[in-house]
Amino acid sequence: MSNTQRLKNDFNFKKMTVPLVVMLAFLTLGFVMWRSSGAIMALFFFGYIGISVGIGLGLYAALPKKKKPLGRKLSLFLVGSFLVGFAAIYGGENMQIEGMFFGLLSGVFQAAVVHYLIAKVFGPMLFGRIWCGWACWTVMILDLLPFQRPAGRLSGRWGWFRYLHFILSLGLVAAAWYGFGFREGAMGQAALVWYIVGNLFYYLIGIALAYALKDNRAFCKYICPVTVPLKITSRFALLKIGGEAEKCNDCQACVKMCPMDIRVPEYILNNQRVLSTECSLCQTCITVCAKDALKLSFGFDLGGKDLLRERAPKLPAEAVAAD
Ligand code: SF4
Ligand code: SF4
Ligand code: SF4
């Protein structure tokens, strides 16, 4: 069978539902914000993001299995680099979490506040942590590192460091604002420097951790403060990974490749969707499932059945084997 024929066979318009819904949601948001604020830049901004993620998701759906990750990487690059460049060149704004705190304190409804409200609060209620899989500028770089197959989670409560980081960031802003009268953390030259230095710091720690733990996503699992709002709001996400229990043979291929260590078959064999708030909707599990037991699904899961099923902690022997 030729490549073109194979591509045609793989193509299915139903698979385009999610890309189209995401694209339309962003375009609608941009349109509403343009009409209500009068700023046509809002339409350009959200339209660009929606179209970029939509193209990435669409490519992912249309390409043959081995090539699917290209769609996600393209989306990460298109959105991540745009947001970094847009904030720096157009706005001179601090898009780090501290910039958002400064924005809230100063009452400036700047890009970081809008970004957090959409990408980290309301967006995840619809599309889960799609931001983490398809748009984050930190992971845009970290996903280029060689440790695609994580070696498992550290035992212990290291994930709680993310909450501590969140509190430290908030405390730092409060101390600067109330203690030192520093008010320029949201917009302007100082804000931009904070944003650039903060991002470089994240990249540095993320790369060092990835090499130390042989895990591209170690930063997400143990350090990133943004996970705090993301985990709360994505609990109610309409879009999640679903599956068919009768097709799943519990081969564990999806668990081994899941960058967030989620024990996918435990949900699927229980006739549940993947409820873990660690899921970044990267769809790697769908790609590696030889039984085609997994797919994206829209629906409600409000029953409080949120069990965080992650891979067993990394044992010393496994760590050596993974080396
Ligand atoms: S957890 Fe943080 S660093 Fe990781 S993808 Fe999500 S927002 Fe980006
Ligand atoms: S890869 Fe597919 S068949 Fe294997 S455990 Fe995961 S969902 Fe089940
Ligand atoms: S469960 Fe699937 S979609 Fe979610 S993070 Fe793991 S591999 Fe990605």
Side-chain angles (χ1 to χ4, degrees), residues 18 57 60 65 68-69 72 76 79-80 83-84 95-97 100 115-116 119-120 123-124 127-143 148-150 159 161-162 165-166 169 198-199 201-203 205-207 209-210 215-231 233-234 237 239-270 272-297 308-311:
V18 172
L57 284 165
Y60 194 96
K65 273 194 170 182
K68 282 184 185 295
R72 199 171 68 79
L76 272 172
V79 181
L83 286 177
V84 171
M95 298 280 283
Q96 292 276 99
I97 194 164
M100 186 270 295
H115 167 68
Y116 268 77
K120 319 292 168 59
F127 304 122
R129 287 176 62 174
I130 204 165
W131 164 262
C132 292
W134 297 79
C136 173
W137 59 75
T138 308
V139 150
M140 168 183 81
I141 301 296
L142 299 182
D143 263 9
Q148 300 288 341
R149 180 176 165 168
F161 196 78
R162 296 174 294 185
H165 189 175
F166 183 87
S169 291
N199 260 341
F201 204 52
Y202 276 19
Y203 287 137
I205 296 175
I207 292 169
L209 260 186
D215 185 349
N216 285 357
R217 291 278 182 146
F219 183 84
C220 306
K221 294 173 193 173
Y222 310 117
I223 304 288
C224 180
V226 182
T227 49
V228 176
L230 280 170
K231 281 173 74 67
T233 50
S234 66
L239 184 65
K240 287 188 166 84
I241 299 292
E244 295 170 67
E246 52 287 358
K247 284 190 181 172
C248 175
N249 63 2
D250 204 10
C251 69
Q252 299 284 308
C254 53
V255 184
K256 285 176 194 149
M257 290 308 293
C258 172
M260 298 306 286
D261 310 310
I262 295 164
R263 301 211 302 253
V264 178
E266 289 193 20
Y267 292 101
I268 303 307
L269 293 170
N270 247 340
Q272 287 179 314
R273 301 192 300 155
V274 173
L275 299 174
S276 169
T277 52
E278 292 286 88
C279 178
S280 65
L281 283 178
C282 67
Q283 302 186 49
T284 305
C285 50
I286 299 180
T287 312
V288 300
C289 179
K291 296 286 175 186
D292 289 330
L294 302 172
K295 61 180 180 192
L296 285 175
S297 91
L308 254 182
R309 297 186 185 121
E310 290 156 7
R311 259 168 101 191

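Numbering of ligands and ligand atoms starts at 1, following listing order.
- Among Gly243, Ala290, Cys254, Cys258, the residue whose heavy atom sits closest to atom 1 (S) of ligand 2 is Cys254.
- Looking at Lys291 and Glu244, no side-chain N of the basic residue comes within less than 4.0 Å of a carboxylate O on the acidic one, giving no salt bridge.
- Scanning Ser280, Cys132, Gly133, Cys136 for the heavy atom closest to atom 8 (Fe) of ligand 1 points to Cys136.
- Between Arg162 and Glu278 a salt bridge is recorded (basic side-chain N to carboxylate O distance below 4.0 Å).
- Note: Trp134 and Tyr60 have perpendicular aromatic rings, judged against thresholds of 30 and 60 degrees for the angle between ring planes.
- Less than 4.0 angstrom separates some heavy atom of Cys248 from each of these atoms of ligand 2: 3 (S), 5 (S), 7 (S), 8 (Fe).
- Taking a cut-off of under 4.0 Å to the non-hydrogen atoms of Phe219, the atoms of ligand 1 that pass are 3 (S).
- Only the side chain of Pro265 comes within 4.0 Å of ligand 2, judged by heavy-atom distances.
- Under 4.0 Å is where a charged nitrogen must lie from a carboxylate oxygen, and between Lys221 and Asp215 at least one such pair does.
- The closest approach between any non-hydrogen atom of Leu294 and ligand 2 is below 4.0 Å.
- Proximity to Val264 (heavy-atom distance under 4.0 Å) selects the following atoms of ligand 3: 1 (S).
- Of all atoms in ligand 1, listed by their number and element, those nearer than 4.0 Å to a heavy atom of Cys220 are 1 (S), 3 (S), 4 (Fe), 5 (S).
- The ligand atoms of ligand 1 that sit less than 4.0 angstrom from a heavy atom of Trp131 are 7 (S).
- With ligand atoms numbered from 1 in the order given, ligand 2 contributes 1 (S), 2 (Fe), 3 (S), 7 (S) to contacts under 4.0 Å with heavy atoms of Cys289.
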